[in-house]
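First comes the structure, then the notes that go with it.
For the numbers below, each heavy atom of this structure counts, side chains included, while hydrogens, waters and symmetry mates do not.
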Amino acid sequence: MGSPRQRKLAGDGGTSGKKKKKSPRKSEPNCATLSVRVCISFFLFFLCYVIFWPAIVDPVVIIEDPPLPLEGALSPSNGSLQDLVQPFGDDLSGAECVVFDEDGFLYAGLSNGAILKWDQKSAGYTIFARTGDKECEMRELDPECGRPLGLRIVGDKLIVADAYVGLMEIDLESGLKHTLVPQETLINGVPLNFADDVAMAPDGKYYFSDACSKWKAFESPYAALERRSNGRVLSYDPISGERAEVLTNMSFPNGVEISHDRKSLIVAETMSYKILRIHLGDRLGEVETLLENLPGIPDNIRRHPKGGYLVGLSAMRSPELDFGARYPILRKLVSKLLSLDQIVNKLGKFYALCIHFSDEGEILGSWHDPSGRLHHSSHCHIYKDKLFVGAFTGSTFGYILL
């Protein structure tokens, strides 16, 4: 009887001499396969982000009528801004609004919180004041710098609507500043959030816009995406200190001007492309629409010295913008995919436009730069023989001779 080893060999049936088949070796994935897998994984992650990650904005459905065509009094042939004289070139940033004192000195608020003063005879300007607590570089955007928007001169004071500080006044002689209505002040239970423009009525009250109750100035592109009516016009009585709401549920109220007859406010409702009249006095709060379906986004309003008013359009409407207004999901998608700066550049095409309209809402004339060299035209203001133009962003600041 053989050993166990021998018995095992015998039981193999003579197959022990044959070589066993090797199992096929698994192939290693090559670089192309790995790249495809990475791309698919990234795409799936991106898709999940777009679909499931909550959007920062909460837009509403807006059904818009077509914009007024650029013809007749709105035709580019009426007047040109392409020869705008820019005395400081590209050195300035965000000269949103200009105002003149009795000696002809010009004041303008900048995006870094500074207010410049220029006598129009010299080659340079001086920094008259800063609205914020921090001294910032020209293109530095920081709420601590302040952001002066609407400006008015009342007596020996410069009245400022500052987006981060509130409503304030600055002494024209000493430069001392005093906040009249601080940011976050509760007015009818709602904090002041975004002071934008200001005007003074004959009774001494200041009327000013609180553009949006949700977003800060640097977040205003999100307000443009949402299109919600959470802005309002407010009043402040410097004698009694009383603050009150004049009109609420507005879609980004912006420029504010007292009418020529001093009986109403002329207000730009930016996100609805409208100009409104809000009555004062016995008819306080009554509202009329003077202009609607404007071809762009209305900003500051100022009286024209020969009657009527000037409004600057800070951006032009586009078919894509109007189409997106109908579909909140598209605007949510934009908020997820684009930065704030990219949203600003995509919201409307660059096109500077100043419009002259009457007390009855008739368009009387216009000045254009369709080339896009002047990105925006937030403010249009006639002083003597010059039309001055400023903008909320960018370096647009200068004048044309009339």
Side-chain angles (χ1 to χ4, degrees), residues 57 59 62 64-70 74 76 80-82 84 93-97 111 141 147 149-150 163 194 196-197 209 211-212 215 217-228 231 250-255 267-275 291-302 310-325 330-331 334-335 338-355 357 363 366-381 389-398:
V57 298
I62 303 291
E64 311 210 277
D65 292 324
L68 296 173
L70 298 181
L74 270 179
S80 175
L81 295 174
Q82 296 188 59
L84 191 81
S93 176
E96 155 86 358
C97 176
S111 58
L141 303 178
R147 181 55 175 108
L149 297 175
F194 190 158
D196 200 322
D197 197 14
S209 51
C212 179
W215 303 105
F218 71 93
E219 300 168 317
S220 55
Y222 290 146
L225 288 179
E226 284 197 332
R227 303 287 295 275
R228 288 191 171 271
M250 301 181 70
S251 184
F252 211 94
N254 199 327
V267 180
E269 193 174 32
T270 294
M271 299 308 175
S272 65
Y273 313 128
K274 293 179 180 179
I275 306 295
L291 280 172
E292 56 187 343
N293 303 319
L294 287 168
I297 299 171
D299 206 314
N300 285 350
I301 298 177
R302 293 298 181 264
L310 288 168
V311 61
L313 303 191
S314 57
M316 295 294 280
R317 292 166 62 177
S318 65
E320 297 82 7
L321 187 64
D322 289 349
F323 178 79
L330 293 180
R331 285 177 278 150
V334 168
S335 73
L338 301 182
S339 68
L340 285 169
D341 287 340
Q342 289 171 326
I343 293 172
V344 169
N345 292 330
K346 298 294 183 181
L347 276 178
K349 56 185 178 181
F350 292 154
Y351 189 120
L353 174 55
C354 298
I355 296 176
F357 65 96
I363 295 179
S366 55
W367 294 264
H368 303 246
D369 175 21
S371 72
R373 181 179 73 89
L374 307 176
H375 290 183
H376 309 283
S377 49
S378 305
H379 186 88
C380 304
H381 187 123
V389 181
F392 176 72
T393 62
S395 58
T396 300
F397 170 77

Q) In chain order, what residues pass the ring-ring contact (aromatic ring centres under 6.0 Å, His included) check against Phe392, with sequence neighbours excluded? A) none

For [Y], is there any backbone N or O sitting under 3.5 Å from a side-chain donor or acceptor partner on [X]?
X	Y	value
Arg147	Ala217	no
Ser395	Ser93	no
Ser377	Leu313	yes
His379	Cys97	no
Arg331	Leu225	yes

[X] [atom1] to [Y] [atom2] distance, which is reported to the nearest 0.5 Å:
X	Y	atom1	atom2	value
Ser378	Leu149	OG	CG	9.5 Å
Tyr351	Leu374	OH	CG	11.5 Å
Phe350	His376	CZ	NE2	5.0 Å
Asn254	Cys212	CG	SG	11.5 Å
Ser314	Ile297	OG	CD1	5.0 Å
Leu340	Glu219	CG	CD	7.0 Å

Heavy-atom pair of closest approach, residues [X] and [Y]:
X	Y	value
Pro370	Gln82	CD-NE2, 3.8 Å
Lys274	Pro298	O-CG, 3.9 Å
Leu353	Cys380	O-SG, 4.4 Å
Pro66	Arg317	C-NH2, 4.2 Å

Can you find a side-chain donor-acceptor pair between [X] and [Y] that sits under 3.5 Å?
X	Y	answer
His368	Ser366	yes
Thr396	His375	no
Ser209	Asp196	no
Asp369	Ser371	yes

Q: Could you label the plane-to-plane angle of the Tyr222 and Trp215 rings as parallel, tilted or perpendicular, counting under 30° as parallel and over 60° as perpendicular?
A: tilted

Q) Arg227 and Glu64: side chain to side chain contact (heavy atoms under 4.5 Å, CB included), yes or no, with the steps? A) CA-CA 12 Å; Arg227 303 287 295 275; Glu64 311 210 277; 2.6 Å; yes

Flag side-chain contact, heavy atom, 4.5 Å: [X] against [Y]:
X	Y	result
Leu321	Met316	no
Val267	Ile301	no
Asp322	Pro67	yes

Q: Begin from the C-alpha positions of Tyr273 and Asn293 and carry the test side chain to side chain contact (heavy atoms under 4.5 Å, CB included) through to its verdict.
A: CA-CA 6 Å; Tyr273 313 128; Asn293 303 319; over 6 Å; no

Q. Quick one: do Arg302 and Asp197 make a salt bridge, cutoff under 4.0 Å?
A.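 Salt bridge flag = yes for Asp197 with Arg302.
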
Q: Applying side chain to side chain contact (heavy atoms under 4.5 Å, CB included), run through Asp299 and Glu96 and close with a yes or a no.
A: CA-CA 10 Å; Asp299 206 314; Glu96 155 86 358; 3.4 Å; yes

Q.
The test is side chain to side chain contact (heavy atoms under 4.5 Å, CB included); show your working for Phe357 and Val311 and say whether it passes.
A. CA-CA 8 Å; Phe357 65 96; Val311 61; 3.9 Å; yes

